[in-house]
Number of protein chains: 2
Amino acid sequence: MPPTQKELAKLAGVSAGTVSNVISGSTNVSDRSRQKVLEAIRVLNYQPNLIARSLKTNRTNTLGIVVPDITIPFFPKIIRGAESAARERGYFLIVLDSESSHTREADMIALLRAQRVEGILLIPAGGERLSPERSASLTSNLPVVCLDRLPADLDVDSVCVDDCGAAEMGISHLMGMGHREIAIITGPLTLHNEQERLRGYRQALKKGGIPVQPSLIWSGSFEQDEVARICQNGLLRPSGRPSALFATNGVTGLAALRSLYAVGLSTPRDFTFATFDELTAEDFFKPGITSVIQPTFDMGYRAVEVLLKRIDKETADGPREKVRLPATLIARESSNTPFYVEPKKNSAAIRKTARAK
Amino acid sequence: MPPTQKELAKLAGVSAGTVSNVISGSTNVSDRSRQKVLEAIRVLNYQPNLIARSLKTNRTNTLGIVVPDITIPFFPKIIRGAESAARERGYFLIVLDSESSHTREADMIALLRAQRVEGILLIPAGGERLSPERSASLTSNLPVVCLDRLPADLDVDSVCVDDCGAAEMGISHLMGMGHREIAIITGPLTLHNEQERLRGYRQALKKGGIPVQPSLIWSGSFEQDEVARICQNGLLRPSGRPSALFATNGVTGLAALRSLYAVGLSTPRDFTFATFDELTAEDFFKPGITSVIQPTFDMGYRAVEVLLKRIDKETADGPREKVRLPATLIARESSNTPFYVEPKKNSAAIRKTARAK
DNA sequence: GAAACGAAATGAGACGTCTCATTTCGTTTC
DNA sequence: GAAACGAAATGAGACGTCTCATTTCGTTTC
């Protein structure tokens, strides 16, 4: 059994209260007593029992983060940022994985609550929703900051990228390269951020005076097979293959690339491509893939800041924070070739690709 | 404040002891009392305070895992396996990141210890070592299972891949394709597993009757710049470029590929390549990269099994377990072209590459 | 040197839970 | 119906820490 303060007190020849005062840094301790206690700590290799302390102080100095799938590289990057901010402020961060299941997510939150964490960072799972009452009760009296994906029906603090604007930037880039037939493939549209990104697509087209074609909106999934099916369907549209494809997240984007490669199409030869998120080892992909990059570290970092503000009694009553961070576009080979459409000769548009060089 | 058992007792009209008996599942409770308590739990939305329970029972049902860098995809996969095994047995898993620093690793372990986790999975940080006494004291009275990287000076339970055998398999594969001048690039050789993989290299060459050339052993690093320097140096050897390169881990392997691409060399055109570990989105790399794949999920899963065996009073005294799991080789385009060496004509070997159609 | 004062030290009590010895209760047996 | 018995319920005490009211101590002041 690890040593306790009582044993320290005995060894140092002072009372247990004095030991506690030394450890918690009270000033009303004489140098002589402090030295004796510190010596005892050294001798017994004492480490405070944080569990007992938490029980008494009702503080755990611990935050929790629940992510949908820790094996998707996007999330560990956010965790890194969150952990950094937490540590700087003297908090621990417990990482849990909901495996993209709302049920499991509820379990994880209940667990963190039972562990008496002081607040939670939540990247909501996709899939089936809990009833609103259920999810409200899960987080009642517990500060929660949502990251990346925002629950439609919950009014909470949140940190994410300016999804609409970021998508618009990506699409504008493609339009700037001369594309007019730009398909978009999304993740599940039950996710709020996916909806926003789709909105950004519409917005960009509108600004560019290009009509939105329903046959170019491929509303998608995170599943490889499903994405493959969607791509196949999309390619079959009567007016032919689009010249460019934009994916609203890295998982779907990678799945789409795989599917298209599988049927013999490659970028940039057969289609121009850009995607949300950095595909891992992106600078190594041949060809390089144009990406809309989210500031993952900052997202985690900022989210902890917002959460701690909510936890702090002084500032807990502030208005809901909705942090929107800007994304960055990195243009690479998959999209940086200008694309020209010849003036219509007959009903079928004729496309040609001209390579600069 | 969340409701307590005392409040439950008041509402249900029974004593606090009975409430506790219901919650902890004792049998000596009448159905009538049990129903009343359960009803009270429902009404108050009671959740047990795990902190208070832990203080009393001296059990936390929590394990910790410390990884060097959660953003390296290899580690989250291990975490997934560990979390799975832990959950099945009713344990929670706290994930911490040592950021490859031994000092920070020590802090993380101290933290977990103060949190009174029941055991630790440790993937040791590289870099500067702590003194043996220090690291021994860190883990005294606390079950620890080391994963992947084994500390040379600590006798602990461990789970890792058969590093030597796995490397031998990779090298044999290259030899089987006709290569005789095979360079190996490693991570820091302070890591035990890197040493073992290098040993596998020597062993494979020995069995194949090929002499080991010091100029083909590029002892390396995880840092991109350092790896680039090492590759450059390696290429300058008097007897010319090796025909094949084997990397002993994914991080170094990816860095090496980048460096070589940067100087205009590509695989498989200019050199044959294989590496430990799956490079993320590997099936998407062009060309596909031959990999020695570690059973990451299983490693995490097995490690928790070993750890729990050590925690369980019944089996805590068993002999040290040294689990060695087999790796798998997946041959892809970067290495699956047979390579022929023409019989020596003069002192300088003439190489030629024949591509099977 | 007694009184006054502030600093230092003490020790009781509590955080929410579980355990276990003790008490209460209901049923069975003769 | 009293005695015996086992099941059910109770309540005191403890886990290790912190807090805070109280006490002790040492120094200063007149």
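Each chain gets a letter, A, B and so on, in the order its sequence line appears, and its residues count up from 1. Hydrogens, waters and symmetry mates are skipped; everything else that's a heavy atom, side chains included, is used.
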Under a 4.0 Å N-O cut-off, is there an ion pair linking A:E39 with A:R42?
yes
What string of B, S and - do you get for nucleotides 21-27 of chain D 5' to 3' if you count protein non-hydrogen atoms under 4.0 Å?
-------
Heavy-atom donor-acceptor pair, B:S54 side chain to B:A52 backbone, under 3.5 Å
no
Option from A:V14, A:V43, A:L38, A:I23 for which side-chain contact (heavy atoms from CB on, under 4.5 Å) with A:L8 holds:
A:I23
Would you say A:S20 places a side-chain N or O within less than 4.0 Å of OP1 or OP2 belonging to D:dT19?
no
Once you round it to whole Å, what is the distance between P of D:dA8 and CG of B:D31?
9 Å
Has A:R310 got a side-chain atom pairing as donor or acceptor with A:G318's backbone, closer than 3.5 angstrom?
yes
Closest to the side chain of B:K56, out of C:dT17, D:dG11, C:dG11, is C:dT17
From CZ of A:R53 over to C1' of D:dT19, roughly how many Å is that when rounded to an integer?
14 Å
Write down the distance between CG (B:N49) and C1' (D:dT17), rounded to a whole number of angstrom.
14 Å
Do NZ/NE/NH1/NH2 and the carboxylate oxygens of A:E7 and A:K10 come within less than 4.0 Å?
no
Salt bridge (charged side-chain N to carboxylate O under 4.0 Å, His left out) pairs touching residues 50-76 of chain B, sequence neighbours excluded, are A:R80-B:D69, B:R59-B:E118
Spacing of B:Q5 atom CD relative to D:dT10 atom P, expressed in whole Å:
14 Å
Basic-acidic side-chain contact under 4.0 Å: B:R87, B:E83
yes
Using OP1 and OP2 only, check whether a side-chain N or O of B:T18 sits under 4.0 Å from D:dA9.
no
Hey, does the side chain of B:Y46 come within less than 4.0 Å of C:dG16's phosphate (OP1/OP2), counting only N and O?
no
Selected nucleotide, minimal atom distance to A:S15 side chain, candidates C:dT19, C:dG11, D:dT17:
C:dG11
Interatomic distance, A:R32 CZ vs C:dA9 P [rounded to whole Å]:
8 Å
Dot-bracket for DNA chain D, 5' to 3', with Watson-Crick and G-U pairs under 3.5 Å, [ ] for crossing pairs and | for other-strand pairs: what is it?
||||||||||||||||||||||||||||||
Electrostatic pair B:K309-B:E321, nearest N-O below 4.0 angstrom:
yes
Check this for me: does any side-chain nitrogen of one of B:D155 and B:K322 sit under 4.0 Å from a carboxylate oxygen of the other?
yes
What is the distance from CG of B:L50 to C1' of C:dC18, rounded to the nearest Å?
13 Å
How long is the line joining CZ of A:R59 and C1' of C:dC15, in whole Å?
15 Å
Tell me what A:S54 touches on the nucleic acid: a base, only sugar-phosphate, or nothing, going by heavy atoms under 4.0 Å.
nothing
Looking only at the side chain of A:T57 (C-beta and beyond, no hydrogens), which of the listed nucleotides C:dT17, D:dC18, C:dA9 gets closest?
D:dC18
Can you see whether B:S101 engages B:S98 through a side-chain donor-acceptor pair at a distance of less than 3.5 angstrom?
no
Take the protein atom CG of B:L55 and the nucleotide atom P of C:dT17, then report the distance between them rounded to whole Å.
12 Å
Counting side-chain heavy atoms from CB outward, which of D:dG11, C:dA9, D:dT17 is closest to A:S30?
C:dA9
